[in-house]
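Sequence lines set the chain letters: A, B, ... in the order given, protein chains first and strands last, and positions in each chain run from 1. Bear in mind that the values here come from a model prediction, so they are computed numbers and not experimental data.
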Amino acid sequence: MAVEKSWMEVLAPEKWAEFFGRRLTTLGDFTLMMARVVRLTFRRPFRTQLLFQQMEFIGVKSWFIILLTGTFTGMVFALQTYRGFAKFGSQALVGAISVMAITRELGPVLTSLMVTARAGSAMAAELGTMRVTEQVDALHTMAVDPVHYLLVPRIVAATLMLPFLTILFDFVGTLGCYFVAVPLLGVDPGDFTGRILELIKIGDVLQGLFKSTVFGFLLASIGCYRGFTADGGAKGVGEATVQGVVFACITILVGDYFLTALLFAA
Amino acid sequence: MAFIEVRGLHKAFGGKPVLRGVDLDIERGRTTVILGQSGCGKSVLIKHIIGLLRPDRGSIVMDGVDLVKADERRLTEVRKRFGMLFQFAALFDSLTVAENVGFALREHTTLSDGEIHRIVITKLAQVGLRGVEDRYPAELSGGMRKRVGLARALAMDPDVVIFDEPTSGLDPVTSANIDQLILSVQKELGLTAIVISHDVASSYSIGDSIALLHEGRIVEVETPDGIRSSSNPIVRQFVERRVEGPIQIV
Ligand SMILES: Nc1ncnc2c1ncn2[C@@H]1O[C@H](COP(=O)(O)OP(=O)(O)O)[C@@H](O)[C@H]1O
Ligand SMILES: [Mg+2]
């Protein structure tokens, strides 16, 4: 026999309240911790050695995957835009359109997603492991602030390195586009570069670099925060890593829309 | 007045009470063993003493300073007087043994690298280790890791050293060895030692006094002999390793 349920039971407002309440609490906690990270960034001692280690890990060791993804993104964009633009006889625009898309959107977004996959995940896993094996507590008992020691160098390094990786992406993306458009598809090289110089402004590039700086901060802070708050042994570290990466990717994609809208409004 | 006085300490996690009014005195220069069933809140208790956790209620007074009311800066100073050996050593696995042991010295003193290295070698010798400075924690056995953890805890010449289950996960011979080490280091340096344990035999051999934590409270504090002859049914069940009794496994 079916049990009658009242609308209140079906809608379960208190469960929804709890669900959103927990998320709001986490968001508040995250915001407070990031405020601390910003404050502690300017607090002595400056851990330059740790910062350089992280810059090397995030920046130097990511260059190859950025090279690869950038080149192929530029190449495929040339193919796609050529198909569309050939219908209107405006093949000459292939370069300009591709470069605009790369510098404004694809460069910052794809670079950030790749770095999230590589370094954001590593941050969540490493800090998560340190949390569940009490290494974070050990830092604390030795009177060292774990946020200052662990989070600040990672987040600062990611914020600093992302624009450089994005410049690399933009550069090889443009080259990839050129090699498909000009030698393979027969676009006139003079037209290709002429239209780029005519239509692409330095502002397009700077806008992309600004976005990637913000994404660098976000991906590292989300990865670090999730790892730092991990609990429950190896399984907890696994969950923290997955959630850190997924949250960071979603934040980058959603944040990209709002940042772009904001930049257009300004 | 005792060196460290814990009074009415309450702590719950997500509505689940773990500590329900702990009262405990820690005497200076002595070894206090906190004995209790796995998961009864021993680690939680000592994390309050060292200021890693804040209680819901209660006070911890050390040398007249209330650690619960102290601000973070004050706590940082207090923490430098503590050394802690964690249950699984909690060595920094990205650092070598020497870097682990010298960590606090590098952070809090202006000693040169050479001086730090000399202290590191001395501390490692004190715990019976030689020639492992450049190894990473992953390359050490469980017993060696605990020793390195102890050397790290001793690096800043602390007044109080806390040992969280120093012998758990070790074989009986290595355990006896670590017990011996704790005893000799404690005597030699005149440390105040707090040892968390669920191992009755080891508590008898190292403790000046033994406190039994049960259901969030200290139910008995006695000398090892006092514990042996105690008529408290909780103590009896724990000491005699019986299944039946007031201690229920949930
Ligand atoms: N940070 C925490 N958050 C939630 N629960 C915790 C936390 N730390 C400990 N607990 C819970 O408190 C209880 C006691 O844990 P613990 O002190 O580690 O036991 P033990 O006596 O074996 O050291 C356990 O049930 C544990 O799950
Ligand atoms: Mg424990």
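- To the nearest 0.5 Å, the span separating OG1 on A:T73 from CD on A:E105 amounts to 13.0 Å.
- Residues of residues 119-133 of chain A lying within less than 4.5 angstrom of chain B, judged on heavy atoms, are A:M130, A:T133 in numerical order.
- By the 30° and 60° cut-offs, the orientation of the rings of A:W16 relative to A:F19 is perpendicular.
- In this structure the side chain of B:R28 reaches within 4.5 angstrom of the side chain of B:D63, judged on heavy atoms.
- Taking the six-membered ring for Trp and thresholds of 30 and 60 degrees, A:F30 and A:Y225 have ring planes more than 60 degrees apart, a perpendicular arrangement.
- Listed here is the closest heavy atom pair of B:R54 and B:K11: O-NZ, 2.7 Å.
- Heavy atoms of B:E77 lying under 4.5 Å from chain A are absent altogether.
- Among B:T76, B:D93, B:I50, the residue with the largest count of heavy-atom pairs under 4.5 Å with chain A is B:D93.
- Because its NZ or CZ atom is not both nearer than 6.0 Å to the ring centre of B:F86 and within 45° of the ring axis, B:R145 does not count as a cation-pi partner of that residue.
- The candidate with the highest count of non-hydrogen atom pairs below 4.5 Å against chain A, out of B:L75, B:V78, B:L91, is B:L91.
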Residue pair B:S59, B:D66: steps toward the side-chain hydrogen bond (donor to acceptor under 3.5 Å, both in side chains) verdict: CA-CA 7 Å; B:S59 68; B:D66 190 339; 4.9 Å; no
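- Checked against side chain to side chain donor-acceptor pair (under 3.5 Å), A:D145 has the following partners two or more places apart in sequence or in another chain: A:R36.
- Options B:M84, B:M156, B:K47 differ in how many heavy-atom pairs under 4.5 Å they form with chain A, and the most are formed by B:K47.
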